[in-house]
Every structure is written in structure tokens, then in C-alpha cells.
*Asks:* 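Following this message is one structure expressed as C-alpha cells.
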Amino acid sequence: MNKRILALLLAALMVVALAACGGGDDTPATDAPDTPATDAPDAPDAGPVANADKPLVWFNRQPSNATTGELDMEALQFNDETYYVGFDAVQGAELQGQMVMDFLTNKADASIDRNGDGIIGYVLAIGDVGHNDSIARTRGARLALGTGKGGTSIGDIDPTPIGTNTDGTSTIVQDGKVTIAGKEYIVRELASQEMKNAAGATWDAPTAGNTIQTWAGSFGDQIDLVVSNNDGMGMSIFNNWSQENNVPTFGYDANSDAVAAIADGFGGTISQHADVQAYLTLRLIRNALDGGDMDLGIGTPDDAGNVLEASDYKYVESERSYYALNLAITADNYEQFLDATAPYGPVSNQLDESTHPAKKVWLDIYNASDNFLNESYKPLLENYDGLLNLDVEYVAGDGQSESSISDRFVNLDQYDGFCVNICKTDNAATYIAKLQ
Ligand code: BGC
Ligand code: CA
């Protein structure tokens, strides 16, 4: 080998070596276009998207520790297109408490005290002691009624049911007071209980309907008022007992049947703006798949004119969470809220399929018998999916075992995005593991 050939070979080797270190600090920028497209790590035609990189929206049950309420940030930040959609639990819980208090101070008269003992006795139906939304509502009711021990801010109030760690009187609740038609009354929580059925499903409406019979048996006309963590349980109590006994009963969710019952004496409910939440649940998937302007159709109008009002929701970046805001529904305004399944006007415009092509989404409802999710949320999702050109596969769980859902979190390659309603708030990792 002569020197010339050796020099040429060395030069060629250097070119190869430089190309192999492409991206090194001193590689001139002008070299970049020479790199063959097939070698580029982020070539657009690099094959199917890995499941771990597909958009993932948690909704209704926020990944969090069931005991401490601490958010599961690993699940919430799983990838760049992972979010939670729910509602502002504290604002809603405070609102529910105020709604009940408003009713007592502005609408009630002496007849509310059924046995005339000067005490407004109430019972409280609790949804799920390990669900942060339920915890907030129990606290909100006790805070407003002055029956919560532990402090003056909602987070300080003990959310446990009476009887779980007491000695008979209560270490958990105390008497509050309220002025009705110029007279001061004591407010007393007579009983409270998590409404869980024998199989373990929580927020269980039939259990609430049975429990009110038991409570009526032990407390009789000491019960002047019923507060429930949701409408499903509240309506079961109303239908089984409160309506015929003329006892004001308050729920949460603004399901159509509860709103309609306001005309028949149901006290009131809170809208958690399921119409905004269901939209956001699917819209975030749509935006992620359309190329990533995540605010489109949310804070920024899209090409079809869809946009939310700032007062409809808030986004908390540090929690990767969108929270819809709540609204009290009472005898004063219920007529506008009779259909809980109608898509929300400002975001009900059809997207053009040529610019927002059809995509496939996997979505579950954790409990096939949950009133709110099946009577309000799911019909809303079904109204929005077509508007957003999403072909959604709906899966329903049994409300008590995570596997009733996670066992059907399969064939993930066939979907472009996932919306997950976990059964227990600590179980997000089960789904994450399947995406990896
Ligand atoms: C609703 C309840 C429902 C629960 C299910 C809550 O936000 O208010 O009615 O049972 O979600 O997770
Ligand atoms: Ca009384």
C-alpha cells in the first residue's frame, strides 16, 4: 500500500468516524443535511407509535394515595401527553355546604325541626372514604354546618364517618348552630356512613336506600335533613324515605333525575360540569393526536369555533390536571339544567374530518352501575366522540375489582389514545405497567 492510498483510507475512516459521532459539539451545522433520512432517530415515518408515547387521560378518579390524598405524580406525568380531568373538589365541596346552609337560613322555617326539639338533626351519606372527592364533600358539609372538628379551613376537618374511631359521643363531629326564621337552633350530625355494598362497590345507591330505613328506625323524627356525597345515593334516600317524610335532601352531580326531583322537593345538587369534563377528557386526546397544541378548543378557539370560558375550568400545570368548576343547582335555577347529557354549547361544533382525522380511543367507566358516570358522563362522552371524530371503545368495570377493568386494557396497539377511570385511586401503576 503506497502512502497516497493510505492517506485516502485514513481520510475516509475519519469521515465515517465523524458521521458516527454526528451531533458532537464541533460537528459543523452544515453537515446535518447529509445525514440520510433513514438514520434520523425522529424520522416521521419511523413506524408505529409506542404505547408508552400515546396520549393518556385519567379522569374522574385522580391517581392519588387513598389514605393521604397525595397525588401520584408518576402516573400524572407518565408521558408528555398525560393529564387528569376532574373538577375542583374543594370549591365544589364548599359550595355544597353553603347551598345547604343557604337553604336553612333563607328558605326554611320552624317546620323543618320535625320534633320541635330545637335541634336540626341530619344524616350524611358518604361515597368512598378513600376517594379525595368524597373526602372533600364530607368536609365541606361539616365545615359549613359547623359540625366539623379540627379547624376552620376545609382541609382541617375530619372526614371519617361517625363511629369509626369514637367512643359513642364523638371525637369527630361537634354541634353547630344556625338561625332559622329568627330563632337559633343546634345543628347535629346524627349518623354518617360510607355506602359500600357487600361486594365492595362504593358510592352505592341501593346501600344508601337501605341505610336510611335503618337510620329512620333509630332516629325517627330527629332526622330533619339529609346530605349526600352524590345524587345516586341522595336520590335513593329521597325515593325510599325523604320525599314521603318531607325531609330536604341534598346531593351532588346534577344528574337529570335529581335536577327534575327539585320540583318534587329534592333540596338541591351541585353540577360538577360533567359537560366540560367529558369534553376535556376527549379533547386532550384529540389535541395530542393533532400535533400537540394542547390549548386548542379549550382556551384557544379551534377551526370550528369551539372554546371554553375561563370560568368553566382551571388548569394546574404542576398537577397536570384540568378541573371543571362547580355550580349550585337549586329551586332558583334548576329548570335550565334538566338535561345533564346535553353537550355544552360553546364546545359542541363538529370538527372537520379532513383536518382532524378519525382516531381510535380506549376508554373505561370503572363501575357499570355508577349513576353519575352512566347517566351523565358517559352519554356526554358519546355525544362528543363523534363531534371530535374519535372512535371510542367503551369498557365498563364492576366498581369493585381493578381487574374488571385492567384485564380488558389489552390490544393496546390498536388504539391511538387512552382514557382511564381507575377503580381505586392508588392503582394507576397497573395501567402504566401495561403501557410500557
Ligand atoms: C361523583 C360520584 C361518582 C364518583 C365516581 C364523583 O365525582 O360525584 O357520583 O360516584 O365520582 O368516581
Ligand atoms: Ca329536631
Side-chain angles (χ1 to χ4, degrees), residues 57-62 84-89 91-93 95-96 99 125 127-128 131 133-134 137 195 201-205 208 228-239 249-263 266 268-283 308 312-313 322-330 333-348 363-388 392 394-397 399 419-422:
V57 174
W58 308 101
F59 70 97
N60 177 257
R61 297 192 152 211
Q62 192 171 26
Y84 170 72
V85 173
F87 63 96
D88 188 330
Q91 180 249 344
L95 198 58
Q96 189 192 29
M99 170 178 70
D128 178 339
H131 186 170
D133 297 344
S134 180
R137 292 174 202 173
M195 300 302 174
T202 51
W203 302 91
D204 192 59
S228 172
N229 281 177
N230 81 352
D231 282 347
M233 301 183 296
M235 281 303 289
S236 183
I237 291 174
F238 183 72
N239 292 329
T249 297
F250 293 84
Y252 199 112
D253 287 341
N255 292 337
S256 299
D257 64 337
V259 175
I262 292 176
F266 193 69
T269 182
I270 301 291
S271 163
Q272 54 168 288
H273 251 312
D275 51 0
V276 170
Q277 290 181 68
Y279 173 73
L280 285 169
T281 303
L282 295 177
R283 183 74 211 205
L308 291 170
D312 293 330
Y313 74 101
Y322 284 83
Y323 300 106
L325 296 175
N326 304 264
L327 202 78
I329 315 287
T330 65
N333 62 351
Y334 76 97
E335 276 149 332
Q336 311 154 45
F337 299 94
L338 286 163
D339 183 3
T341 68
Y344 187 49
V347 291
S348 53
L363 183 151
D364 79 283
I365 300 291
Y366 93 99
N367 183 355
S369 3
D370 184 273
N371 302 72
F372 168 64
L373 291 170
N374 293 288
E375 288 163 27
S376 299
Y377 213 103
K378 184 166 176 238
L380 282 161
L381 291 167
E382 287 169 331
N383 281 328
Y384 289 120
D385 61 13
L387 296 174
L388 297 169
V392 181
Y394 293 94
V395 170
C419 302
V420 181
N421 180 205
I422 32 181

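Since the model is a prediction, treat every value here as computed from it, not as a measurement.
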*Asks:* Ala328: which residues meet the side chain to side chain contact (heavy atoms under 4.5 Å, CB included) condition with it, sequence neighbours left out?
*Replies:*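 Ala328 satisfies side chain to side chain contact (heavy atoms under 4.5 Å, CB included) with Leu95, Met99, Ile270 once adjacent residues are dropped.
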*Asks:* Could you tell me which residues satisfy ring pair (Phe, Tyr, Trp, His ring centres under 6.0 Å) with Tyr384, sequence neighbours excluded, listed by chain and number?
*Replies:*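 Applying ring pair (Phe, Tyr, Trp, His ring centres under 6.0 Å) to Tyr384 gives Tyr279.
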*Asks:* By side chain to side chain contact (heavy atoms under 4.5 Å, CB included), which residues pair with Ser256, not counting sequence neighbours?
*Replies:*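 Partners of Ser256 by the side chain to side chain contact (heavy atoms under 4.5 Å, CB included) criterion, ordered by chain and then number, come out as Asp339, Ala340.
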*Asks:* Which salt bridge (charged side-chain N to carboxylate O under 4.0 Å, His left out) pairs, counting each pair once, include a residue from residues 366-384, with sequence neighbours left out?
*Replies:*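 For residues 366-384: Lys378-Glu382.
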*Asks:* With sequence neighbours left out, write down each residue that passes side-chain hydrogen bond (donor to acceptor under 3.5 Å, both in side chains) with Asn230, or none if nothing qualifies.
*Replies:*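 In terms of side-chain hydrogen bond (donor to acceptor under 3.5 Å, both in side chains), with neighbours along the sequence ignored, Asn230 is linked to no residue.
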*Asks:* Could you verify whether a donor N or O on one side chain and an acceptor N or O on the other, from Asn229 and Ser134, lie under 3.5 Å apart?
*Replies:*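 Per modelled atom types, Asn229 and Ser134 side chains form a pair under 3.5 Å.
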*Asks:* Which residues pass the salt bridge (Lys or Arg N to Asp or Glu O under 4.0 Å) test with Asp385, sequence neighbours left out?
*Replies:*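 Expected list: none.
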*Asks:* Could you tell me if the side chain of Ile365 sits less than 4.5 Å from the side chain of Asn60, heavy atoms only?
*Replies:*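 In short, these two side chains do not touch, never coming nearer than 4.5 Å.
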*Asks:* Do the non-hydrogen side-chain atoms of His131 and Trp203 ever get within less than 4.5 Å of each other?
*Replies:*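 Yes; the side chains approach each other to less than 4.5 Å.
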*Asks:* I'd like to check the ring pair (Phe, Tyr, Trp, His ring centres under 6.0 Å) partners of Tyr344; sequence neighbours left out, ordered by chain and number.
*Replies:*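 Only His273 meet the ring pair (Phe, Tyr, Trp, His ring centres under 6.0 Å) criterion with Tyr344.
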*Asks:* Restricting to side-chain hydrogen bond (donor to acceptor under 3.5 Å, both in side chains), what partner residues turn up for Gln96, sequence neighbours left out?
*Replies:*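 Listed in chain order: nothing, the list is empty.
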*Asks:* Looking at residues at least two apart in the chain, or sitting in another chain, which of them share a side chain to side chain contact (heavy atoms under 4.5 Å, CB included) with Ala274?
*Replies:*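 Scan of Ala274 (side chain to side chain contact (heavy atoms under 4.5 Å, CB included), adjacent residues dropped) gives Phe372, Tyr377, Leu380.
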*Asks:* For Ser228, which residues count as a side-chain hydrogen bond (donor to acceptor under 3.5 Å, both in side chains) partner, sequence neighbours excluded?
*Replies:*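 side-chain hydrogen bond (donor to acceptor under 3.5 Å, both in side chains) check on Ser228 returns nothing, list empty.
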*Asks:* Only counting residues at least two apart or in another chain, list the ones meeting salt bridge (Lys or Arg N to Asp or Glu O under 4.0 Å) with Asp88.
*Replies:*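 Per chain and number, Asp88 pairs via salt bridge (Lys or Arg N to Asp or Glu O under 4.0 Å) with Lys314.
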*Asks:* Run the side chain to side chain contact (heavy atoms under 4.5 Å, CB included) test against Ala208 and tell me which residues pass, sequence neighbours left out.
*Replies:*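 Only Met195, Met233, Ile237 meet the side chain to side chain contact (heavy atoms under 4.5 Å, CB included) criterion with Ala208.
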